[in-house]
Participant: 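Shown below is the structure under consideration.
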Amino acid sequence: MNTVQPQPGKLDLGRKLRVSREHLLGLLGDMIRIRRFEEKCAELYTQEKIRGFLHLYIGEEAVGVGVTRHLTADDAVVATYREHGHALLRGLSMNSVMAEMYGKAEGCSRGRGGSMHLFSAEHRFFGGNAIVGGGLPMAVGLALADKMAGRDRVTVCFFGEGAAAEGAFHESLNLAALWQLPVLFICENNNYAMGTALTLSQSQTDVYTKAQSYNLQAESVDGMNVVDVEAAAQRAIDSIRNGDGPRLLECHTYRFRAHSMFDPQLYRDKSEVEEWKQKGPIKLLQEWMEHNALLHDGDLEAIEQRVAAEIDAAVQFAESATWETEDTLSNFVSRPRDTAPPPPPNLEPEAFETTYREACHLSLKEALEHNERTFLMGEDVGHYGGCYAVSHDLLAQFGAVRVRDAPLSENGFTGAGVGAALGGMHPIVEIMTVNFSLLAMDQIVNTAAALLHMSGGQFNVPLVIRMATGAGRQLAAQHSHSLEHWYAHVPGLRVLTPATLEDARYMLWSALHDPNPVLIFEHAALYNQKGTLTPCPEGVDIERAAIRRPGRDVSLITYGGSLHKALKAAETLNKDGIDAEVVDLRVLRPLDIDTLVESLSRTHRAVLIEEAWQTGGMMAEVSARLVDQAFWELDAPIARVASKEVPIPYARHLEIAALPQIDDIVEAAKRLIGGGP
């Protein structure tokens with residue numbers, strides 16, 4: 001473990017690997033290729049051919065070149081938003097990268113990602129990430145999938161020193177070390193996180209020591225010295241392939257250009273930049289080769305000519321490439337299923353009495369029994385048996401590899417679930433409560449939901465995330481949220497809310513056969529609810545809403561924990577001669593508006609019930625859709641019943657007052673038909 005700070009700008013091959021003239025020429029050529037590409041991109045940006053944010057790698061070329069030299073085609077690379085050089089080194093054609101910078105259909109991400117989101121499934125390049133530190137959990141998940149599958153692969157994850165202040169950095173390193181995963185973390189320490197110097201933002205500026213605190217092997221190297229980087233990377237990669245666990249390299253480097261093309265660079269002196277340029281990686285290697293007679297006449301000119309020709313061809317390719325037509329706008333939001341899900345394999349022979357909790361438990365057991373690539377991961381899912389006892393006994397049946405207790409690191413293990421899904425697994429991630437999911441929202445919204453689109457259809461995320469939601473148990477404001485509609489707002493996600501025993505039992509099986517990320521919200525107040533579970537030989541439909549009680553006078557439209565209140569309200573209304581139909585949304589995204597319109601065409605009145613707050617709630621969307629598509633079916637204004645606009649109180653009587661109750665639903669329905677105040 002090296003604890004000596006490197007001295008940037010000195011090339012010493014004494015303790016390095018033996019390298020030939022041809023090898024050094026290859027290193028020099030790779031760095032010049034990246035440098036000239038980036039310079040051309042800066043020129044094209046000023047011409048407004050490339051737009052958005054443009055982050056250049058100029059000055060840092062030695063890191064990418066040195067690290068990628070010893071990777072195989074089966075290894076994976078996860079990069080940051082400054083990833084053009086990494087993409088080229090990984091084997092993506094310059095034509096496809098340049099076309100992506102233009103936003104053209106022939107780009108490596110079909111023009112959907114742009115400068116910060118270059119992807120290639122063929123080259124196992126899992127792209128740049130515009131979220132600082134956002135790629136770290138994904139890299140952990142890719143490595144986890146490889147370890148679980150017994151594959152001899154290494155995942156390399158590049159990130160900047162600014163990410164070392166993010167929680168994702170610490171969560172990811174802890175998981176990688178805890179589970180001894182084959183991942184190499186590369187910190188490209190260029191001294192500035194955007195415009196703030198590392199010394200001003202982090203109390204410990206030696207990033208590699210942070211890794212060491214997690215018992216993760218780490219060292220610091222001169223990131224301006226390509227040979228030093230290559231040697232350190234080879235040692236680390238060899239160690240990982242040998243089964244020695246994860247490694248981290250902190251590469252001290254420097255970006256000669258601004259953070260992005262928008263950056264006026266007011267935060268650093270020009271003299272500092274010039275000082276670093278004098279020890280730049282290309283200059284350093286070129287001078288050393290000249291001094292040792294390894295750079296012959298014509299070598300440099302040949303490299304420059306070859307690179308210039310490739311860049312000219314790439315620009316011509318991008319200029320002549322095509323724009324995707326507007327009719328393709330909705331492509332790559334979700335991947336369609338090839339076939340309908342097969343019937344549930346563990347179908348019970350006849351109806352039986354059980355609880356909502358046990359129905360959920362049976363669904364997990366079935367999933368683990370019938371797909372070796374499925375595993376359950378989350379807080380206290382194993383030894384504790386799950387916060388709500390849904391996963392009880394599963395650890396004993398399936399072992400700690402497939403029922404995997406995770407630390408309290410929602411963003412980290414959810415992101416690891418994303419990476420594992422990309423690595424060929426079918427993970428089920430359990431987040432203890434919807435409140436905690438806010439800590440994982442970055443990975444859910446910015447990565448899982450968007451990856452298929454950003455990659456131009458290359459990377460889908462077959463991930464299931466389960467969590468408890470809802471109020472009614474005197475847990476006060478921080479554990480009583482109903483935030484399902486927040487996620488239903490996001491394209492690329494499927495959002496399910498099982499409220500019946502049958503949905504709790506069979507929805508998971510259908511969700512695991514969806515090639516897209518699926519979120520399942522289980523209302524915590526239902527876990528103890530008992531009833532008769534009727535077997536569903538074909539499983540349950542996760543595309544459509546369900547009519548739970550037919551009626552002709554008013555439609556009570558709801559989901560989740562409010563379903564049973566709506567059913568009881570319908571019974572009360574029936575005693576007064578009002579025949580209420582109860583519709584269970586159960587799929588919040590994509591919303592099945594057709595079933596709702598059909599119900600409204602029968603009843604001509606609607607009461608929309610949800611446990612969330614009314615302002616901005618799910619039923620605001622349902623109401624707008626119904627008015628838009630079924631206005632002429634309405635014989636009365638749409639009524640809404642929701643929680644009061646206050647944080648949920650602890651005191652029982654106040655909690656009851658805050659939440660929608662059966663009487664509230666009954667009164668709203670009677671008002672619509674003129675039978676109430």
Participant: Using every non-hydrogen atom in the two residues, find where A164 and H170 come nearest and quote the distance to one decimal.
Facilitator: O-NE2, 3.1 Å
Participant: Which atoms form the tightest heavy-atom contact between F37 and I311, and what is the distance?
Facilitator: N-CD1, 3.5 Å
Participant: Pair E272, Y254 - check side chain to side chain contact (heavy atoms under 4.5 Å, CB included), show working.
Facilitator: CA-CA 10 Å; E272 177 184 307; Y254 197 86; 2.7 Å; yes
Participant: If I take atom CG from residue L92 and atom CG from residue L118, how far apart are they, to the nearest 0.5 angstrom?
Facilitator: 7.0 Å
Participant: Supply the atom-to-atom distance L294 CG to E22 CD, rounded to the nearest 0.5 angstrom.
Facilitator: 9.5 Å
Participant: Atom CD of residue position E326 - does it have more than 12 heavy atoms of other residues, nucleotides or ligands inside 6.0 Å?
Facilitator: no
Participant: Rounded to the nearest 0.5 Å, what separation is found between the CZ atom of R110 and the OG1 atom of T328?
Facilitator: 7.5 Å
Participant: Measure across A176 and V183 and return the closest heavy-atom pair with its distance rounded to 0.1 Å.
Facilitator: CB-CG1, 3.7 Å
Participant: Any idea which heavy atoms bring G223 and A62 closest together, and the distance?
Facilitator: O-CB, 3.3 Å
Participant: Kindly compute the distance separating CD1 (I240) from CZ (R247), expressed to the nearest 0.5 Å.
Facilitator: 7.0 Å
Participant: Checking the side chain of Q286 only, and the main-chain atoms of L300 only, is there a donor and an acceptor separated by less than 3.5 Å?
Facilitator: no
Participant: Would you check if the side chain of Q180 reaches a backbone N or O of A177 as a donor-acceptor pair within less than 3.5 Å?
Facilitator: yes
Participant: Could you check if a side-chain atom of H70 sits within less than 4.5 angstrom of a side-chain atom of R241, using non-hydrogen atoms only?
Facilitator: no
Participant: Are any side-chain N or O atoms of E106 and backbone N or O atoms of T322, one a donor and one an acceptor, separated by less than 3.5 Å?
Facilitator: yes
Participant: Begin from the C-alpha positions of V207 and F169 and carry the test side chain to side chain contact (heavy atoms under 4.5 Å, CB included) through to its verdict.
Facilitator: CA-CA 11 Å; V207 174; F169 168 84; 4.1 Å; yes
Participant: Just how far is it from atom CG of L28 to atom CG of D299, taken to the nearest 0.5 Å?
Facilitator: 9.0 Å
Participant: Taking the side chain from E61 and the backbone from P281, do they hold a donor-acceptor pair closer than 3.5 Å?
Facilitator: no
Participant: For the residue pair V156 and I186, establish whether any side-chain heavy-atom pair is separated by less than 4.5 Å.
Facilitator: yes
Participant: Taking the basic N atoms (NZ, or NE/NH1/NH2) and the acidic carboxylate oxygens, is any pair closer than 4.0 Å for E219 and R235?
Facilitator: yes
Participant: For the backbone of V401 and the side chain of R404, can you confirm whether one donor and one acceptor N or O come within less than 3.5 Å of each other?
Facilitator: yes
Participant: Can you confirm whether V461 sits close enough to L452 that some side-chain heavy atom of one is under 4.5 Å from a side-chain heavy atom of the other?
Facilitator: no
Participant: Ignoring hydrogens, what is the shortest heavy-atom contact between W179 and M377? Give both atom names and the distance.
Facilitator: CH2-SD, 3.6 Å
Participant: Determine yes or no for a side-chain-to-main-chain donor-acceptor pair under 3.5 angstrom, with S109 supplying the side chain and H117 the backbone.
Facilitator: yes
Participant: Atom CZ of residue position F53 - does it have more than 12 heavy atoms of other residues, nucleotides or ligands inside 6.0 Å?
Facilitator: no
Participant: Looking at E188, M224, M31, which one forms a side-chain contact (heavy atoms from CB on, under 4.5 Å) with E60?
Facilitator: E188
Participant: N516 side chain to R335 main-chain N or O, any donor-acceptor pair under 3.5 Å?
Facilitator: yes
Participant: Check whether any side-chain heavy atom of F256 sits under 4.5 Å from a side-chain heavy atom of L56, and report yes or no.
Facilitator: no
Participant: When you compare the side chain of Y208 with that of L248, does any pair of heavy atoms fall below 4.5 Å?
Facilitator: yes
Participant: Heavy-atom distance under 4.5 Å between the side chains of C41 and L54, does that happen here?
Facilitator: yes
Participant: Is the shortest distance from a Lys or Arg side-chain nitrogen in E38 or R35 to a carboxylate oxygen in the other one below 4.0 Å?
Facilitator: no
Participant: Taking the six-membered ring for Trp, are H86 and F158 parallel (under 30°), tilted (30 to 60°) or perpendicular (over 60°)?
Facilitator: tilted
Participant: For the residue pair F119 and M454, establish whether any side-chain heavy-atom pair is separated by less than 4.5 Å.
Facilitator: yes
Participant: Just by distance, do the side chain of N174 and the backbone of E171 share a donor-acceptor pair under 3.5 Å?
Facilitator: no
Participant: Report the C-alpha separation of R69 and L27 in whole Å, then their side-chain angles, then the decisive distance to 0.1 Å, and conclude whether the side chain to side chain contact (heavy atoms under 4.5 Å, CB included) test is met.
Facilitator: CA-CA 9 Å; R69 276 274 161 165; L27 297 176; 3.5 Å; yes
Participant: Test your reading of the model: is there a side-chain donor-acceptor pair from R255 to the backbone of N190, 3.5 Å cut-off?
Facilitator: no
Participant: Might you work through the side chain to side chain donor-acceptor pair (under 3.5 Å) test for S239 and N242, ending with a clear yes or no?
Facilitator: CA-CA 5 Å; S239 173; N242 194 45; over 6 Å; no
Participant: Can we say E324 and R112 salt-bridge, meaning some charged N sits less than 4.0 Å from an Asp/Glu carboxylate O?
Facilitator: yes
Participant: Walk me through whether H84 and S115 qualify under side chain to side chain donor-acceptor pair (under 3.5 Å).
Facilitator: CA-CA 7 Å; H84 316 142; S115 170; 2.8 Å; yes
Participant: I'd like to know if K279 pairs up with D222 as an ion pair, taking the criterion as any Lys NZ or Arg NE/NH1/NH2 lying under 4.0 Å from an Asp or Glu carboxylate oxygen.
Facilitator: no
Participant: With sequence neighbours excluded, give me every side chain to side chain donor-acceptor pair (under 3.5 Å) pair touching residues 124-150.
Facilitator: D146-R151, D146-R153
Participant: Tell me, do K283 and K277 make a side-chain contact under 4.5 Å, heavy atoms counted?
Facilitator: no
Participant: In Å, rounded to the nearest 0.5 Å, how long is the span from CG of L24 to CE of M289?
Facilitator: 5.0 Å
Participant: Is atom CD of E372 surrounded by more than 12 heavy atoms (other residues, nucleotides or ligands) closer than 6.0 Å?
Facilitator: no
Participant: Quick one: do E319 and K49 make a salt bridge, cutoff under 4.0 Å?
Facilitator: yes
Participant: Could you walk me through whether E304 and I32 satisfy the side chain to side chain contact (heavy atoms under 4.5 Å, CB included) test, starting with their C-alpha distance in whole Å, then the side-chain angles of each, then the deciding distance to 0.1 Å, before giving a yes or no?
Facilitator: CA-CA 7 Å; E304 293 283 10; I32 290 174; 3.7 Å; yes
Participant: Kindly confirm or rule out a cation-pi arrangement of R51 over Y45, judged by NZ or CZ under 6.0 Å from the six-membered ring centre and within 45° of its axis?
Facilitator: yes
Participant: Using every non-hydrogen atom in the two residues, find where P246 and F185 come nearest and quote the distance to one decimal.
Facilitator: CB-CE1, 4.5 Å
